[in-house]
Amino acid sequence: MTGKVKPAGDLVALLDPLRRDGSTIAMANGIFDLLHVGHVRYLQAAAEEADALVVAVNSDASARALKGEGRPIVPAAERAEVLAALACVDWVVIFDEPTCDRLLGLLRPDVHCKGTDYTASTVPEAQTVRAFGGRIAIVGDPKEHATRDLIETIRGTVRLPRS
């Protein structure tokens with residue numbers, strides 16, 4: 001892993017000096033299978049919550065467990081690389097679990113950002129975030145864009161082989 005895409009252990013070492021200097025850290029997470037405008041708006045809003053933004057990306061196995069066979073369409077390393085190319089993203093990390101609780105506990109961001117399809121009371125990682133003194137921010141535009149819908153549009157328009 002190079003550039004902005006880092007293993008979790010390397011991120012700990014990168015974030016500690018920022019904290020000492022008084023900078024704040026935000027973390028957002030998701031599968032980001034086919035990047036669309038809803039993802040971009042979510043990440044731009046998450047970046048506004050702190051001085052630096054870490055984006056946690058579900059691994060292929062984790063995405064498959066959450067979304068079912070045939071997902072993800074784009075491999076995790078490529079999804080991470082695309083996200084790393086966004087100006088609002090400082091670092092990207094790939095994680096294997098269904099939620100990013102373990103990663104949150106390791107990185108301890110000041111704010112954990114979730115999209116508008118959540119409320120503060122439905123964020124799966126809320127207890128973990130509160131345990132280390134972080135806060136939760138619901139950010140982005142209304143959930144009007146979904147990878148699932150994009151896939152269905154493509155399948156309905158273009159004859160794609162099913163794997």
Side-chain angles (χ1 to χ4, degrees), residues 1-63 66-67 72 74-147:
M1 292 186 211
T2 60
K4 291 173 148 184
V5 181
K6 303 287 185 191
D10 289 3
L11 274 178
V12 171
L14 287 167
L15 297 179
D16 283 345
L18 290 177
R19 281 193 185 89
R20 283 193 299 273
D21 290 343
S23 295
T24 55
I25 312 299
M27 189 169 113
N29 71 288
I31 295 172
F32 305 102
D33 199 2
L34 296 177
L35 194 65
H36 55 69
V37 71
H39 291 138
V40 172
R41 291 172 182 166
Y42 162 56
L43 295 174
Q44 287 173 330
E48 292 175 9
E49 293 290 324
D51 299 311
L53 175 62
V54 174
V55 179
V57 177
N58 292 77
S59 69
D60 294 343
S62 174
L66 291 167
K67 297 295 183 177
V74 179
E78 292 178 18
R79 289 182 278 130
E81 186 176 339
V82 168
L83 290 167
L86 297 176
C88 63
V89 175
D90 293 288
W91 293 285
V92 179
V93 60
I94 298 170
F95 69 101
D96 287 318
E97 300 81 14
T99 69
C100 60
D101 284 293
R102 182 192 62 79
L103 193 56
L104 282 163
L106 182 67
L107 300 179
R108 300 174 348 272
D110 299 282
V111 58
H112 179 47
C113 300
K114 295 297 269 188
T116 57
D117 48 335
Y118 290 93
T119 65
S121 62
T122 63
V123 171
E125 306 88 357
Q127 186 174 352
T128 299
V129 173
R130 288 188 193 102
F132 63 76
R135 72 177 172 88
I136 293 171
I138 305 300
V139 300
D141 63 353
K143 182 74 175 182
E144 295 172 349
H145 308 91
T147 300

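If you read the sequence from its start, that first residue is 1, and numbering goes on from there. Because the structure is predicted, anything quoted here is derived from the model rather than measured.
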- [ ] Decide yes or no on side chain to side chain donor-acceptor pair (under 3.5 Å) for Lys67 and Asn58, but give the supporting numbers first.
- [x] CA-CA 11 Å; Lys67 297 295 183 177; Asn58 292 77; over 6 Å; no
Open item on the list: Does either side chain, that of Ser62 or that of Asp96, offer a donor lying less than 3.5 Å from an acceptor on the other one?
Closed with: no
Task: Pairs involving residues 129-139, ordered by first then second residue, that meet side-chain hydrogen bond (donor to acceptor under 3.5 Å, both in side chains) (sequence neighbours left out) - done: Glu49-Arg135
- [ ] Using atom types as modelled and distance alone, determine if a side-chain donor or acceptor of Arg79 lies under 3.5 Å from a backbone N or O of Asp33.
- [x] no
Open item on the list: Using the rule given for side chain to side chain contact (heavy atoms under 4.5 Å, CB included), can you reason through Leu14 versus Trp91, listing the C-alpha separation, both sets of side-chain angles and the distance that settles it, and then say yes or no?
Closed with: CA-CA 10 Å; Leu14 287 167; Trp91 293 285; 3.6 Å; yes
- [ ] Verify, without hydrogens or angle tests, whether Lys114 (side chain) and Thr119 (backbone) share a donor-acceptor contact under 3.5 angstrom.
- [x] no
TODO: Kindly compute the distance separating CG (Leu15) from CG (Asp90), expressed to the nearest 0.5 Å.
DONE: 9.5 Å
Task: Set of residues satisfying side chain to side chain donor-acceptor pair (under 3.5 Å) with respect to Thr116, sequence neighbours excluded - done: none
Open item on the list: Are the side chains of Arg41 and His39 in contact, using a 4.5 Å heavy-atom criterion?
Closed with: no
Task: For Asp101, all residues meeting side chain to side chain donor-acceptor pair (under 3.5 Å), sequence neighbours excluded - done: Thr99, Thr128
- [ ] Could you walk me through whether Leu104 and Met27 pass the side chain to side chain contact (heavy atoms under 4.5 Å, CB included) test, one step at a time?
- [x] CA-CA 8 Å; Leu104 282 163; Met27 189 169 113; 3.5 Å; yes
Open item on the list: How close do Pro109 and Phe132 get, counting heavy atoms only, and between which atoms?
Closed with: O-CE1, 3.1 Å
- [ ] Would you sort out whether Thr24 and Val111 count as a side chain to side chain contact (heavy atoms under 4.5 Å, CB included), showing the intermediate values?
- [x] CA-CA 8 Å; Thr24 55; Val111 58; over 6 Å; no
Open item on the list: side chain to side chain contact (heavy atoms under 4.5 Å, CB included) for Ile31 and Val57? Distances and angles first, verdict last.
Closed with: CA-CA 5 Å; Ile31 295 172; Val57 177; over 6 Å; no
TODO: Quick one: do Arg19 and Asp51 satisfy salt bridge (Lys or Arg N to Asp or Glu O under 4.0 Å)? Show the steps, please.
DONE: CA-CA 10 Å; Arg19 281 193 185 89; Asp51 299 311; over 6 Å; no
Task: Donor-acceptor contact present, side-chain Asp110 to main-chain Ile25, <3.5 Å - done: yes
TODO: Nearest 0.5 Å please: distance from the OH atom of Tyr42 over to the CG atom of Asn29.
DONE: 5.0 Å
